[in-house]
Undergrad: 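Can you read through this structure? Questions will come right after.
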There are 2 protein chains.
Amino acid sequence: MPAKRHPDHAPLELERFLPYQLSIVSNTVSQAIADDYQARHDLSVTEWRVMAVLARFDGLSAREVAERTAMDKVAVSRALARLVAAGRVRRHIHASDKRRSVLGLTAAGWRIHDEVAPMARQRERDLLARLEPEEQAWLRGILDKLMPPDTAGQTAAKG
Amino acid sequence: MPAKRHPDHAPLELERFLPYQLSIVSNTVSQAIADDYQARHDLSVTEWRVMAVLARFDGLSAREVAERTAMDKVAVSRALARLVAAGRVRRHIHASDKRRSVLGLTAAGWRIHDEVAPMARQRERDLLARLEPEEQAWLRGILDKLMPPDTAGQTAAKG
DNA sequence: CATTTATAGTTTCACTTGAAACCATTTGCA
DNA sequence: TGCAAATGGTTTCAAGTGAAACTATAAATG
C-alpha cells in the first residue's frame, strides 16, 4: 500500500515550530554581527563574548566569565589564551587564591571593544526595525522572561 | 588617574542585548529537546532535523533538505549517510536525473519520528507555558516576522 | 553533436569543539 | 595538623565541522 502522504504521523511544521524559529533567527543575527568583526579583527565569536563581559565586569575570573557567557570553561580557557597572547586581555593571579585569574581588558582590548560594540548595537537596531514599536516592547519582555535565571541580570561585580 | 570603571566605554549589557538573549534561549531549548532523543536513539541534532523535514516533505533531494533545514550540504550528506546506514531513511535515485537522490523515511524512521515529535512539541509547550497567553500570541507573530524569507513557509514539495 | 558550464552529492583536510583526564591550589573535616 | 574532597584552570583526545577539491551527471552553447 504505497501511501504518498502520512497525515496520521503529524509531522512537525518546522517553519512554525518555535525552537526551530528561534534557532534560525538567532543564528542569522549572530552571524551578521560576527561578520562585522571576524575578518576585521581576527576575533572569534567566543572571544568577542569574553571581551564584552570583561568590558562590563572588570576583574572576573575565568569561571565567572564562563558563567556569564553561558559558554563552557574549556572554550573560555582557549579564548582567553588567544586574547592574552594578542595583548587584548590582561591576566594576573588573584592575591589570596593562586588558582584564580583576575581578568580585564587592556588598552588595545578597549580599542577593539569601542569599535565593535556600536556595530553590535546597530545590528540589534536593524533587527528591531523590522518590528512595530509595540512588538519591540513585547519581545523585550518576553525574552527577559525566557532567559534562564542563572544567566539573567545578576548584580555587577564589585571592585 | 587610575579609573576603576569605564563608563565612557559604554559596554554592552549582554543580558539585555537581544542577539545574546536569543542565542541563550535558543540553545537552552534546543538542548532540552536534544537531550530527549540523543542518548535514547543515538541521533544527532542534524540527523533529527533531516528526519523532521523528510517527515513533512517526502521525496526531497539532499539539496532540498539542506535548503529547508538551513544546514550546509556537507552536514546533510553525512547525516544522510548515517541515517541510511541505520535503516531510518530510504534513498533511491531520481528516475530522470541520476545525480539526484529521492529521500524518505522508512518504517523504522517513522517509528522514531512518531516518538520524538511529541516530545519536541511538549518542550515547545513547556517554553510557552512560562508566558501569558497574550505574550504567546505576540511571540508567534514576532518570530514569523523575523524569520528570513527564504526559510519561512514555502509551499510543500510537489509529488 | 562536441565541448563548456552548471548542478548533485561525496571525500579530504585543516580547524574547532567538548568531555574527560589532568595539575595545582584551597577548603572541609577527622 | 594531615588527608580527602572540591575548585580553578589547562591539556589531551576523539568527534564534529566547513571550505575546497573532486566525481558524476545534466544542461547550455557553439
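Chain letters run A, B, ... following the sequence lines, proteins first, then strands; residues in each count from 1.
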Undergrad: Nearest whole angstrom, please: distance from the C1' of dT7(D) to the CD1 of I93(A).
TA: 16 Å
Undergrad: If the cut-off is 4.0 Å, is S77(A) near the phosphate of dT10(D), judged by side-chain N/O to OP1 or OP2?
TA: yes
Undergrad: Mind calculating the distance between CZ (R100(A)) and C1' (dA6(D)) to the nearest angstrom?
TA: 14 Å
Undergrad: Quickly work out the L80(A) CG to dT11(D) P distance and round it to whole Å.
TA: 12 Å
Undergrad: For V89(A), which of T106(A), V84(A), V65(A) qualifies under side-chain contact (heavy atoms from CB on, under 4.5 Å)?
TA: V84(A)
Undergrad: Closer than 4.0 angstrom, basic N to acidic O: yes or no for E47(A) and R78(A)?
TA: no
Undergrad: Roughly, in whole Å, what's the span from CG in D97(A) to P in dA6(D)?
TA: 17 Å
Undergrad: Quick one: which of dG9(D), dG18(C), dA8(C) gets closest to the side chain of D72(A)?
TA: dG18(C)
Undergrad: Assign A81(A) to base, sugar-phosphate, or nothing according to its heavy-atom contacts below 4.0 angstrom with the strands shown.
TA: nothing
Undergrad: At 4.0 Å (heavy atoms only), tell me whether K98(B) reaches a base, stays on the sugar-phosphate, or touches nothing.
TA: sugar-phosphate
Undergrad: Looking at every strand, decide which applies to S101(A) at a 4.0 Å heavy-atom threshold: base, sugar-phosphate, or nothing.
TA: sugar-phosphate
Undergrad: What is the distance from CZ of R63(A) to P of dA6(D), rounded to the nearest Å?
TA: 16 Å
Undergrad: Among dA20(C), dG9(C), dT26(C), which is the nearest nucleotide to the side chain of V74(A)?
TA: dA20(C)
Undergrad: Here's one to test your reading of the geometry: is the NZ or CZ of R49(A) within 45 degrees of the ring axis of Y20(B) and under 6.0 Å from its centre?
TA: no
Undergrad: Inspect the contact between D42(B) and R82(B) and indicate whether a charged nitrogen and a carboxylate oxygen are less than 4.0 angstrom apart.
TA: yes
Undergrad: Looking only at N and O atoms, is any donor in the side chain of R91(B) or the base of dG9(C) less than 3.5 Å from an acceptor on the other one?
TA: no
Undergrad: Output the rounded distance in Å from CG (N27(A)) to C1' (dG18(D)).
TA: 15 Å
Undergrad: For the base of dG18(C), is there a side-chain donor-acceptor partner from R78(A) under 3.5 Å away?
TA: yes
Undergrad: If we count only N and O atoms by modelled type, under 3.5 Å, do the side chains of D36(A) and Q122(A) hold a donor and an acceptor together?
TA: no
Undergrad: Counting any heavy atom closer than 4.0 Å, what does S44(A) reach on the DNA or RNA strands: base, sugar-phosphate only, or nothing?
TA: nothing
Undergrad: Rounding to an integer number of Å, can you tell me how far H92(B) NE2 sits from dG9(C) C1'?
TA: 17 Å
Undergrad: On DNA chain C, compare the nucleotides closest to V102(B) and S96(A); which residue's is nearer the 5' end?
TA: V102(B)
Undergrad: Would you say the side chain of R99(A) and the base of dT26(C) hold a donor-acceptor pair, judged only by whether the two atoms sit under 3.5 Å apart?
TA: no
Undergrad: Once you round it to whole Å, what is the distance between P of dA19(C) and CE of M71(A)?
TA: 14 Å
